[in-house]
Amino acid sequence: FDAALVARAMREQPGDVPPESGCRYLAAMDPALSRNAWSFVIATMRQVGGRWKASVVFHREWRARGGVKLDPAAVLIEIAGHCRTYGVKVVLTDQWHGESLASIAMRLELGIVVEVDKATAPEKLTRYEGTLTRLHDDGLELPRDKTVRADLLAVRRTVTKGVNSFTISMAVTPDGRHADFAPSIVLALSRIPRAVANAQFRERVIEGLREDLVDRGFGSRADEIVVK
């Protein structure tokens with residue numbers, strides 16, 4: 001990902017965006033227990049500066065300390081708490097221990113369902129390209145966080161077995177990071193296109209209704225009627 005595009009997408013102020021009325025939130029995680037970080041994000045479609053954008057409104061990570069592995073149950077309990085705040089019922093995850101994590105969440109009755117995403121390599125590449133398109137179109141809002149920035153900039157597209165064949169690779173930093181926020185962000189965003197289409201369709205329908213009411217003589221009451 002391009003550094004300038006990532007910088008442009010970041011919010012002016014650091015921190016989370018509180019839940020907003022009318023937004024449908026999605027959650028995704030990229031689990032890890034030892035060297036890599038376990039990342040978790042919540043995203044939605046919301047208006048930013050008068051424009052609809054996919055927005056990563058919440059992000060957290062957990063890292064093992066002192067050579068002691070993370071306790072997956074403890075992490076999932078924390079994640080469930082964050083999900084309740086945003087009204088999220090399903091957490092997407094990749095296939096790494098996905099079934100085991102889903103079983104733990106069910107056994108602990110956390111109120112969330114861990115859904116294992118089984119995307120193929122070409123599908124994952126398409127998702128990363130979709131995220132890049134959002135950045136180019138100024139259709140993505142990211143948290144102002146240096147770790148998120150570094151993780152996204154560590155993503156590379158490399159040529160494999162021919163000029164037209166590509167794969168996604170992620171640089172590993174000396175502290176063991178493996179672009180850990182990138183997979184969870186891209187996974188969450190992969191489920192938002194339908195929300196984008198719905199939001200744009202809703203805007204077109206509302207505008208059409210408003211114009212029709214004005215033509216029929218409702219005048220200034222058109223906005224009130226449409227809202228109802």
May I ask you to decide if the ring planes of Y86 and Y25 are parallel, tilted or perpendicular, using 30° and 60° as cut-offs? perpendicular
Any idea how Y128 and F1 line up, ring-wise: parallel (<30°), tilted (30 to 60°), or perpendicular (>60°)? parallel
Taking only residues two or more places apart in sequence or in another chain, which ones pass salt bridge (Lys or Arg N to Asp or Glu O under 4.0 Å) with D145? none
With sequence neighbours excluded, residues passing salt bridge (Lys or Arg N to Asp or Glu O under 4.0 Å) with K118: E99
Do I42 and V75 share a hydrophobic cluster, counting only Ile, Leu, Val, Met, Phe, Trp and Tyr and linking them when any side-chain heavy atoms are less than 4.5 Å apart? yes
Hey, any chance F40 and V88 share a hydrophobic cluster, counting ILVMFWY side chains that come within less than 4.5 Å of each other, even indirectly? yes
Are the side chains of [X] and [Y] in touch, meaning some heavy atoms are under 4.5 Å apart?
{"X": "R127", "Y": "T131", "answer": "no"}
{"X": "L142", "Y": "V6", "answer": "yes"}
{"X": "S55", "Y": "R11", "answer": "yes"}

Salt bridge (charged side-chain N to carboxylate O under 4.0 Å, His left out) contacts touching residues 46-55 (sequence neighbours left out): E20-R46, R46-E141, R51-D138, K53-D138
Within residues 65-94 or reaching into it, pairs that qualify as salt bridge (charged side-chain N to carboxylate O under 4.0 Å, His left out) - sequence neighbours excluded: none
salt_bridge(D16, R60) N-O dist < 4.0 Å: yes
Scan residues 98-122 for pairs that pass ring pair (Phe, Tyr, Trp, His ring centres under 6.0 Å), counting only residues two or more places apart or in two chains. none
Which heavy atom of A64 sits nearest a heavy atom of S34, and at what distance? CB-O, 3.4 Å
Residues R134 and L189: closest non-hydrogen pair is NH2-O, 3.4 Å
Check residues 101-110 and write down every donor-acceptor pair under 3.5 Å in which the side-chain atom is one partner and the other belongs to a residue at least two apart or another chain.
none

